[in-house]
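Below is one structure, written out as structure tokens; the observations come after it.
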There are 2 protein chains.
Amino acid sequence: MSAPGALVLVVEDEPQMRRFIRASLTSHGYRIVEAASAAEAVALMTTQPPDLVLLDLGLPDGDGIDVAKRLREWSRVPIIVLSARGREDDKVAALDAGADDYLTKPFGVNELLARMRVAERHAEAAASPTAAQALKIGDLELDFVRREVTRGGEVVHLTPIEYKLLALFARHAGRVLTHRQILKEVWGPMCASHPHYVRVHMAELRKKIEATPSRPRILVTEPGVGYRLRDGS
Amino acid sequence: MSAPGALVLVVEDEPQMRRFIRASLTSHGYRIVEAASAAEAVALMTTQPPDLVLLDLGLPDGDGIDVAKRLREWSRVPIIVLSARGREDDKVAALDAGADDYLTKPFGVNELLARMRVAERHAEAAASPTAAQALKIGDLELDFVRREVTRGGEVVHLTPIEYKLLALFARHAGRVLTHRQILKEVWGPMCASHPHYVRVHMAELRKKIEATPSRPRILVTEPGVGYRLRDGS
DNA sequence: GCCGCGCATCAAGAAGACGTCAAGATGTGC
DNA sequence: GCACATCTTGACGTCTTCTTGATGCGCGGC
């Protein structure tokens, strides 16, 4: 129909539901990859990068929201959450975690297909080839899939916020990110006016990844604006 | 950039519902424009292009779906449909007509806000590749995405005001900008009567980007009027 | 020639942004 | 409940940037 052959990753632990979705999608020309757990989902994301993800929230080995967050660390693939939970808080949490849409079970197949078409439209418009799964700057190496940072071969331990910060800068390597943008991405859309958070955690991050933290060469300050990760060029 | 709140066009004929939405959005920093009919909505789209549209389907002078279709003929502004109709066919029709999301009344404010944030994310992602603008004047290069200025390959560090100045002139390359215009754009409408600001900072800017600052070839003075950025011609 | 005007330049101080440290709060796993 | 890691919050010193005033130059009118 709209995008013949688009590859869809279906993350769903219930076999019955998986079968239902598989039947509905394949009959409309989609190709399917299936995952029954969070770990399997992340693994398949790297080995068979899909064009779209259908994500169930109730997984045996973790929350689906965490899966969405992890995917968003390096990928912009459209994510549609399918969940039995209809509470507003669940929807807000999922959408703010990076999901593009949220359908409450039970849902109609036609609505699902329509919302998938919307997601495909968006992906087309964005045309983001930013699917880099690793990055290297000097002796610093970032592995987004394993969520690991090494410096000169040594693993650098980062706290959750530090990793989020660094991943954010890596995704926008070379570009200046304003305080507002950083706060919005790392701390959530709500707390946009605490620039001090950024300063403190940037200092911590620099201590760990810069050779001379007091004279940063990777994470440089743009006074009055924000920060920038300086890439090779 | 959302320094001032995003502008939202609310298309809704029921005054009570309008009031509810207005209160919810303004308290979260959004600015809003209201339309009570399809005709008014289309008119406002052109006179005050919004960053997002909230569209009710039941309008006195026509279907909301037609409004969505008409907007999509020339605009990619995110459209979120708010409707009392919960039938699947309605949803599919609206989404396929170009709507980006569909909420069935009654809905929670927090879900609406979350879905609006999703729409804003999409708009941002779609806009950034398009705005990959750069400008070249002699050996001077301006990269607005990276917020970086280079001269002969070397990065030139600019303070926020200097960058704002240069970006302003670049946007109006070749045209003369008066002191008033410059002050209004860079310092804000309040301090329109301090021409000295401009002189001092123009001098600083010239020191950094001109080969011979005392004899400027890029940022030239138009005595008695203002300044002008001389482009290639 | 002298004066007034607009512009360029310089420098000092004020204002604000940033980096750093450390203590208290919070949360998490055992 | 305790120990540990992490995050928040406040205080303070340092550095960048902006403002502001003083001064000099060039030009045109008188």
Side-chain angles (χ1 to χ4, degrees), chain A residues 62-63 66 147 149 155-169 176-183 185-188 190-229, chain B residues 3 147 149 155-169 176-180 182-183 185-188 190-228:
Chain A
D63 200 332
D66 293 327
R147 223 185 196 170
V149 179
V155 173
V156 181
H157 173 73
L158 298 182
T159 71
I161 283 192
E162 287 159 10
Y163 180 81
K164 270 196 200 174
L165 263 178
L166 185 54
L168 172 65
F169 279 104
V176 176
L177 296 175
T178 67
H179 303 270
R180 278 192 85 82
Q181 289 176 304
I182 298 166
L183 284 161
E185 289 290 327
V186 176
W187 277 266
M190 296 308 179
C191 40
S193 59
H194 291 260
H196 196 48
Y197 288 9
V198 183
R199 284 192 209 108
V200 173
H201 290 279
M202 283 297 281
E204 289 300 314
L205 191 49
R206 280 169 171 166
K207 271 193 216 165
K208 295 181 181 179
I209 67 170
E210 296 274 2
T212 53
S214 57
R215 193 139 316 199
R217 291 164 36 83
I218 300 173
L219 290 170
V220 294
T221 305
E222 295 284 338
V225 189
Y227 298 86
R228 178 210 306 271
L229 182 139
Chain B
R147 194 190 180 279
V149 178
V155 174
V156 181
H157 174 74
L158 299 182
T159 71
I161 284 191
E162 287 159 10
Y163 181 82
K164 270 195 199 174
L165 265 177
L166 185 55
L168 173 65
F169 280 105
V176 179
L177 294 174
T178 67
H179 301 268
R180 281 194 85 81
I182 298 166
L183 284 161
E185 288 291 326
V186 176
W187 277 267
M190 295 310 173
C191 35
S193 57
H194 291 259
H196 195 46
Y197 288 8
V198 183
R199 287 195 203 105
V200 172
H201 289 280
M202 284 298 282
E204 288 300 313
L205 192 48
R206 280 169 170 167
K207 269 195 220 164
K208 295 182 181 179
I209 67 169
E210 296 275 3
T212 52
S214 56
R215 190 135 329 169
R217 291 163 36 84
I218 300 172
L219 290 169
V220 295
T221 305
E222 297 285 340
V225 188
Y227 297 87
R228 183 164 59 93

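Just so we're on the same page: letters track the sequence lines, and every chain starts at 1. Fair warning: this is a prediction, and the values are worked out from it, not measured in the lab.
Contact annotation: the side chain of A/Leu166 approaches that of A/Leu229 to within less than 4.5 Å [non-hydrogen atoms, C-beta and beyond].
Atom CE of A/Met202 is separated from atom P of C/dA17 by 17 Å (rounded to the nearest Å). Rounded to an integer number of Å, the gap from B/Lys208 NZ to C/dA8 P is 17 Å. Look at OH on B/Tyr227: it is 7 Å from C1' on C/dC7, rounded to the nearest Å. Remark: P of C/dG6 and CZ of B/Arg180 are 15 Å apart, rounded to the nearest angstrom. The distance between atom NE2 of A/His194 and atom P of D/dT9, rounded to the nearest whole Å, is 7 Å. One interatomic measurement links the two molecules: CG of B/Leu165 to C1' of D/dT17, which rounds to 14 Å at whole-angstrom precision. Distance B/Glu162 CD to D/dT19 P: 12 Å, rounded to the nearest Å. As rounded to whole Å, 15 Å separates atom C1' of D/dT17 from atom CG of B/Leu205.
A donor-acceptor contact closer than 3.5 angstrom is absent between the side chains of A/Thr178 and B/Arg147.
Closest to the B/Arg206 side chain, of the nucleotides D/dT8, C/dA8, D/dT9, is C/dA8. In the set C/dT20, C/dC10, C/dG19, the nucleotide with an atom closest to the side chain of B/Lys207 is C/dC10. Considering only side-chain atoms of A/Pro160, the nucleotide from D/dT6, D/dT20, C/dT20 that sits closest is D/dT6.
Not one N or O on the side chain of B/Glu210 forms a donor-acceptor pair closer than 3.5 Å with the backbone of B/Arg215. A/Lys208 places a side-chain N or O within 3.5 Å of a backbone atom of A/His157 that can act as its donor or acceptor partner.
Applying the 4.0 Å criterion to OP1 and OP2 of C/dA8, one finds that B/Thr221 has a side-chain N or O inside that range. For C/dG19, neither phosphate oxygen OP1 nor OP2 lies less than 4.0 angstrom from any side-chain nitrogen or oxygen of A/Arg199. One finds a side-chain N or O of B/His179 lying less than 4.0 angstrom from the OP1 or OP2 phosphate oxygen of C/dC7. Distances shown here put every side-chain N or O of B/Trp187 at or beyond 4.0 Å from the OP1 or OP2 atom of D/dC18. Phosphate proximity of D/dC18 to B/Thr159: present, with a side-chain N or O under 4.0 Å from OP1 or OP2. Taking 4.0 angstrom as the limit, A/Tyr197 places a side-chain polar atom (N or O) nearer than this to OP1 or OP2 of D/dT9. An OP1 or OP2 oxygen of D/dT17 is reached within less than 4.0 angstrom by no side-chain nitrogen or oxygen of B/Tyr163. OP1 and OP2 of D/dT17 both lie 4.0 Å or more from every side-chain N or O belonging to B/His201. The phosphate of D/dT17 has OP1 or OP2 within less than 4.0 Å of a side-chain N or O from B/His157.
Closest heavy-atom contact between B/Pro216 and B/Val220: O-CG1, 3.8 Å.
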